[in-house]
Amino acid sequence: MSFKERENAILEYLMERREASVAELCRILFVSEPTMRRDLYALSRAGKILRTHGGAAYKGARGENLPQAFREREQTNAKAVIGRRALSLINDGDTVMVDASSTAAELLKLIDTRRSIVVVTNNAHAPALLSETAVKTFVSGGEVAQGTHAFVGGYAEDFMRAFRADVCFFSVRRLSEDGDLSDNAIAENAVRRVMLARAKRKVLLLDSKKLGDACMNTLCTLGDIDTVVSETDISALFPAYKEKFLPF
């Protein structure tokens, strides 16, 4: 296995587990400890991971936004379940705002089962998902955030201000135990703020692995939204907001 292949394998493993020991990484990649330590040193020097005592942690877990390719491979089954459950919150004739998260993209794949729907989104991949459906689609345009399908910046934000929506579906990188919703993608959060302000109902799409320490940019709190859709019942972890979780 080449260094590049090991690099991808290490990053994907850390993305999923958040951190791992040297021994653990050696075991899954079948390499010696000296080789693994050299790999981790190189990745740390490149700014892609954080070295910990006896191992490493993925930098994106706290201070870096994950590339879209990684996000799309995270929790794929959970996201599909979330997309199906979220569909129940859309009525025929609704105008729906959808952010550029990979979780919300699962909803876009199903949305044409509703009639007379209008979608407003900053997801650059939306035309490919919806162009052959009857869904009327408006895509913001603007600057494409590096490594994502998200249009961001002033143009995208102004575009969203021109619409009003019945419901906004969005996701974030973390839900902390005190109810803060946060992400490392500051520019994407800026667009999400406009979307939330222009929507009657605000729905968070969140897989359970996104529970944890807050990222560096807070979007809002559970108190600011109407509904949380997850793939498993996590409502007991947030007793003050239990009524906001879509019941199973």
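Excluded from the calculations below are hydrogen atoms, water molecules and symmetry mates; all remaining heavy atoms, backbone and side chain alike, are included. Just so you know, these numbers come straight off a predicted model, no measurement behind them.
- With hydrogens and angles disregarded, a donor-acceptor distance shorter than 3.5 Å links the side chain of S171 to the backbone of L205.
- For the atom pair L219 CG and D180 CG, the distance stands at 10.0 Å (nearest 0.5 Å).
- One hydrophobic cluster, built from ILVMFWY side chains closer than 4.5 Å, holds both L196 and L175.
- Donor-acceptor pairing under 3.5 Å is lacking for the side chains of R37 and Y41.
- Side-chain contact between V167 and M97 is absent, with no heavy-atom pair separated by less than 4.5 Å.
- Within the 4.5 Å cutoff, no side-chain heavy atoms of D92 are placed close to those of S116.
- Geometric assessment of R193 against the ring of F170 yields a negative cation-pi assignment under the 6.0 Å and 45° thresholds.
- Remark: the backbone N or O of V22 is not paired with any side-chain donor or acceptor of E33 at under 3.5 angstrom.
- Residues D99 and N123 fail the side-chain proximity criterion, which asks for heavy atoms closer than 4.5 Å.
- N8 places no side-chain N or O within donor-acceptor distance of the main-chain N or O of E5, the cut-off being under 3.5 Å.
- A 6.0 Å sphere centred on CZ of R115 holds no more than 12 heavy atoms belonging to other residues, nucleotides or ligands.
- With sequence neighbours excluded, the residues that form a side-chain contact (heavy atoms from CB on, under 4.5 Å) with K109 are E106, L129.
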Pair R114, N91 - check side-chain contact (heavy atoms from CB on, under 4.5 Å), show working. CA-CA 7 Å; R114 295 292 184 262; N91 302 310; over 6 Å; no

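- Residue E19 holds its CD atom at 11.5 Å from CD1 of I49, rounded to the nearest 0.5 Å.
- When each of R174, R192, R173 is tested with D183 by the rule salt bridge (Lys or Arg N to Asp or Glu O under 4.0 Å), just one qualifies, namely R192.
- Atom CG of residue L40 and atom CD1 of residue I10 lie 5.5 Å apart, to the nearest 0.5 angstrom.
- Between F163 and F138, the ring planes lie tilted relative to each other; the angle falls in the 30° to 60° range.
- Hydrophobic clustering, with ILVMFWY side chains joined whenever heavy atoms are under 4.5 angstrom apart, keeps V228 apart from L89.
- Put simply, CD1 on I225 and CG on L204 are 4.5 Å apart, with the number rounded to the nearest 0.5 Å.
- Counting only heavy atoms from C-beta outward, the side chains of D39 and R6 approach each other to under 4.5 Å.
- Electrostatic pairing of R201 and D94 counts as a salt bridge here, judged by a charged N lying under 4.0 Å from a carboxylate O.
- Contact check for K136 versus I117: no side-chain heavy atoms found under the 4.5 Å cut-off.
- In this structure the side chain of V194 never reaches within 4.5 angstrom of the side chain of V191, judged on heavy atoms.
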Could you go through the side chain to side chain donor-acceptor pair (under 3.5 Å) check for D233 and S235 one step at a time? CA-CA 6 Å; D233 189 359; S235 60; 2.7 Å; yes

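- A donor-acceptor distance shorter than 3.5 angstrom exists from the side chain of S182 to the backbone of C215, with no hydrogens or angles considered.
- V96 places none of its side-chain heavy atoms less than 4.5 Å from the side chain of V118.
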Steps toward salt bridge (charged side-chain N to carboxylate O under 4.0 Å, His left out) verdict (E7, K48): CA-CA 10 Å; E7 175 185 7; K48 296 181 178 181; 2.5 Å; yes

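- Residues M216 and L181 are members of separate hydrophobic clusters, defined by side-chain heavy-atom contacts under 4.5 angstrom among Ile, Leu, Val, Met, Phe, Trp and Tyr.
- Checked by atom type and distance alone, the side chain of K202 never pairs as donor or acceptor with a backbone atom of D224 at under 3.5 Å.
- Residue pairs meeting the side-chain hydrogen bond (donor to acceptor under 3.5 Å, both in side chains) criterion with at least one member in residues 157-168, sequence neighbours excluded, are D158-R161.
- Residue M195 holds its CE atom at 11.5 Å from CG of N189, rounded to the nearest 0.5 Å.
- In terms of hydrophobic clustering, with Ile, Leu, Val, Met, Phe, Trp and Tyr side chains grouped at heavy-atom distances under 4.5 Å, F245 and V172 are assigned to a common cluster.
- Heavy-atom neighbours of Y155 OH from other residues, nucleotides or ligands within 6.0 Å: at or below the threshold of 12.
- When atom types are taken as modelled, the side chain of N122 and the backbone of A100 share a donor-acceptor pair closer than 3.5 angstrom.
- The side-chain contact (heavy atoms from CB on, under 4.5 Å) test with I82 is passed by exactly one of L107, T103, L87, N77: T103.
- L130 and V98 fall within the same hydrophobic cluster, where Ile, Leu, Val, Met, Phe, Trp and Tyr residues are linked whenever their side-chain heavy atoms come under 4.5 Å apart, directly or through other members.
- When atom types are taken as modelled, the side chain of T218 and the backbone of C220 share no donor-acceptor pair closer than 3.5 angstrom.
- Residues R85 and S230 come closest through the heavy atom pair NH1-O, 2.9 Å.
- By the 4.5 Å heavy-atom criterion applied to side chains, V203 and C168 are not counted as neighbours.
- Contact detail for G141 and F151: the closest heavy-atom pair is O-CB, 3.2 Å.
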